[in-house]
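Atoms within a ligand are numbered from 1 in the order they appear, just like the ligands themselves.
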Amino acid sequence: MKNQQVADILFRIADILDIKGEIFFKVRSYRVAGRTIESMGKDIEVVIKEGMLRDIPGIGEALEKKIKEIVETDQSEYLEKLKNEIPEGVLRMLGIPGLGPKKVSAIYKHLNITTIEDLKQACTDGKLRNLDGFGEITEINILRGIQLIEKTSGRALLNMAYADGNILVEYLKNCDRVKQISIAGSLRRRKETIGDIDILVSSDSSEEVMDFFVKYNDVQQIIAKGSTKTSVLLIDNLQVDLRVVKPESFGSALQYFTGSKDHNIKMRNLAMKKGYKLNEYGLFDKKTDEYIVGRNEEDVYQKLGLAYIEPELRENRGEIQAAIKNQLPNLVKNGDICGDIHIHSNWSDGFDTIETIVSQSKKMGHEYVGIADHSQSLKIARGLSEDRVIKKREEIDKINRKQDDGFRVFCGTECDIKSDGSLDYSDSILEIFDYVGIGIHTKFKMTREEATSRIIRGMENEYVTFVAHPTCRMIGRREPFDLDMEEIFDTAKSTGTCLEINSFPDRLDLNDIHCKQGKEKDVRFVINTDCHRVENMEFIRFGVATARRGWLEKSDILNTYILKEIEKSFGV
Ligand code: DGT
Ligand code: CA
Ligand code: CA
């Protein structure tokens with residue numbers, strides 16, 4: 001579906017028109033069209049084929065032409081022309097969190113600032129506060145925004161690298177010179193952001209593999225081409241490093257290039273202590289240089305007296321010591337998840353009907369699903385009024401009666417935690433739900449104490465099952481709340497509240513480190529997607545990956561419970 005791509009281009013056009021100072025109505029028409037296409041239930045390509053584009057309110061002849069062009073060519077000549085009229089650096093400012101086109105326009109026009117570097121300096125020098133609508137706070141916020149993008153710049157979200165990496169591996173398998181192949185690096189460890197994709201191949205004929213690799217359709221640029229390592233840039237600007245080794249070194253090379261660097265250093269030192277030498281070519285006798293193992297990764301760990309360490313654990317957070325003692329966790333797997341209990345339906349701001357969500361859940365092999373729409377005060381997300389909660393309850397009961405295979409839909413909510421920590425529904429309404437998720441969606445600016453006590457107060461309500469996306473971070477866009485995690489864990493434990501691992505790739509909240517700390521305090525978790533479209537239900541794998549990086553086992557996670565067990569836990 002190209003809808004999002006088309007909408008993004010229209011939003012981009014609107015932003016630039018705004019910077020240029022075009023009239024309100026013109027700019028608005030692009031934004032409205034973008035929003036309509038973005039949230040439309042139908043594929044834009046189908047709409048065009050059926051000749052229905054002009055039937056969409058607000059789309060006239062000029063917009064129709066531009067939209068058709070975007071769908072056919074993936075770009076817009078008009079956007080390219082507009083881009084040439086504004087300095088590149090000014091356009092980049094639009095990517096700074098919290099900085100909209102109106103402010104960018106003022107910065108550019110009145111202060112003639114054209115790069116992010118200069119903008120940073122101007123904020124530090126206090127030069128922005130005199131502009132209309134700006135203040136000291138604006139300067140601080142802009143500096144924070146710049147810091148945030150600097151931290152993640154050049155790194156891709158896990159889902160993007162995961163998709164690119166898998167398609168590329170499938171492509172490389174078509175080369176008959178490729179013997180074994182695996183993803184390596186941070187992508188194999190499932191880190192939340194990926195600097196570059198590493199792929200490892202074993203072959204007796206590396207030149208032919210490299211030739212095949214650089215012919216890949218999505219290669220934008222060949223950065224370096226050699227017989228052992230070749231690096232390319234894909235059209236989405238992700239870098240891929242391909243390494244080709246001999247089959248007898250595949251396992252040791254996979255161990256080496258999976259990393260992390262800190263894990264490898266510990267491994268090499270351990271090898272030295274045991275009279276070996278470990279590198280990407282194999283495990284060798286330190287004195288005689290005799291090759292011992294290297295064909296399989298498992299052999300490398302075994303020879304060093306270690307239990308096999310899953311890639312997600314290789315961060316030098318105690319995994320080697322645990323492997324020596326054979327005390328590694330038995331990590332949760334994708335197949336352990338029996339249902340996703342944080343999904344938005346079209347009863348609030350989700351895209352799909354409950355029936356569609358049910359059928360997708362069944363496709364994924366789940367036994368149940370929980371529909372957790374927004375609560376009443378969240379008007380912009382079409383939060384459910386008390387009346388609609390009752391209607392939704394009836395609807396779900398009706399759907400459940402139609403299931404002849406034992407599948408169950410739970411009626412849940414993602415109830416807003418208001419700024420004082422009280423919940424957005426009264427207890428008599430909360431009682432209607434099978435379970436209650438709670439989350440913060442407004443007034444994000446809080447001190448550590450305020451944020452911590454707001455969540456704790458929410459957890460203390462007896463109806464609450466889990467806290468959704470507890471730190472509310474958005475990778476590259478919003479910092480996590482500064483929370484007293486010790487206190488959050490203690491309250492979660494004492495009230496029996498689960499903490500969510502939100503699987504959405506730009507959230508992954510709680511993160512891996514919090515998972516490990518929480519487990520040590522005996523906290524229970526729930527892995528959900530929080531998705532608004534069934535296509536994104538597959539993101540659950542990234543939540544599972546985060547849980548695995550946090551050393552979590554099946555028993556640590558609520559929604560690995562089979563239907564009977566979770567019904568018991570909900571008391572329904
Ligand atoms: P990234 O790409 O920044 O997300 O992180 P990685 O871990 O994929 O790092 P990358 O691509 O630079 O290198 C892949 C792996 O190769 C890395 O995890 C460990 C190994 N490696 C690379 N350079 C060194 C090194 O200087 N020493 C050791 N011990 N290992 C290295
Ligand atoms: Ca990498
Ligand atoms: Ca690399």
Please check if a non-hydrogen protein atom sits closer than 4.0 Å to [atom].
atom	result
atom 15 (C) of ligand 1	yes
atom 18 (O) of ligand 1	yes
atom 29 (N) of ligand 1	yes

Can you sort out which atoms of ligand 1 are near [X], meaning under 4.0 Å from one of its heavy atoms?
X	answer
Asn264	19 (C), 29 (N), 30 (N)
Arg189	7 (O), 18 (O)
Ile194	4 (O)
Phe257	14 (C), 15 (C), 16 (O)
Gly185	8 (O)
Arg155	1 (P), 3 (O), 4 (O)
Thr258	18 (O)

Does a side-chain N-to-carboxylate-O contact under 4.0 Å join [X] and [Y]?
X	Y	value
Glu479	Arg144	no
Glu319	Lys266	no
Arg473	Glu192	yes
Asp512	Lys191	no
Arg177	Glu207	no
Glu297	Arg188	yes

What's the shortest distance from [atom] to any protein heavy atom, and which residue and atom give it?
atom	answer
atom 20 (C) of ligand 1	Tyr256 O, 3.4 Å
atom 12 (O) of ligand 1	Asp196 OD1, 4.9 Å
atom 26 (O) of ligand 1	Lys261 CE, 3.5 Å

Measure Lys191 to ligand 1 on non-hydrogen atoms and call it side chain, backbone, both or neither using the 4.0 Å cut-off. neither
Check whether any side-chain heavy atom of Met267 sits under 4.5 Å from a side-chain heavy atom of Leu304, and report yes or no. yes
Before signing off on this row, confirm whether Asp241 and ligand 1 have an N or O atom pair separated by under 3.5 Å. no
Atom name in Asp198, limited to N/O/S, at shortest distance from the Ca ion (ligand 2): OD2
Measure from atom 13 (O) of ligand 1 to every heavy atom in Asp198, Leu158, Leu187 and give the option owning the shortest one. Asp198
Out of Ala156, Ala184, Gly195, Ser186, whose heavy atom sits nearest atom 6 (P) of ligand 1? Ser186
First locate atom CG of Leu499, then atom CG of Asp509, and finally report the distance between them rounded to the nearest 0.5 Å. 10.0 Å
Would you sort out whether His366 and Asp340 count as a side chain to side chain donor-acceptor pair (under 3.5 Å), showing the intermediate values? CA-CA 8 Å; His366 291 174; Asp340 185 336; over 6 Å; no
Cationic tip of Arg478 within the cone over Phe444's six-membered ring, i.e. under 6.0 Å and within 45° of the normal? yes
Students often mix this up, so state it plainly: with edges at 30° and 60°, are the rings of His342 and Phe466 parallel, tilted or perpendicular? tilted
Would you confirm whether the ring centroid of Tyr256 sits within less than 6.0 angstrom of the ring centroid of Tyr281? no
How wide is the angle at the Ca ion (ligand 3) between OD2 in Asp196 and OD2 in Asp241, to the nearest 10°? 70°
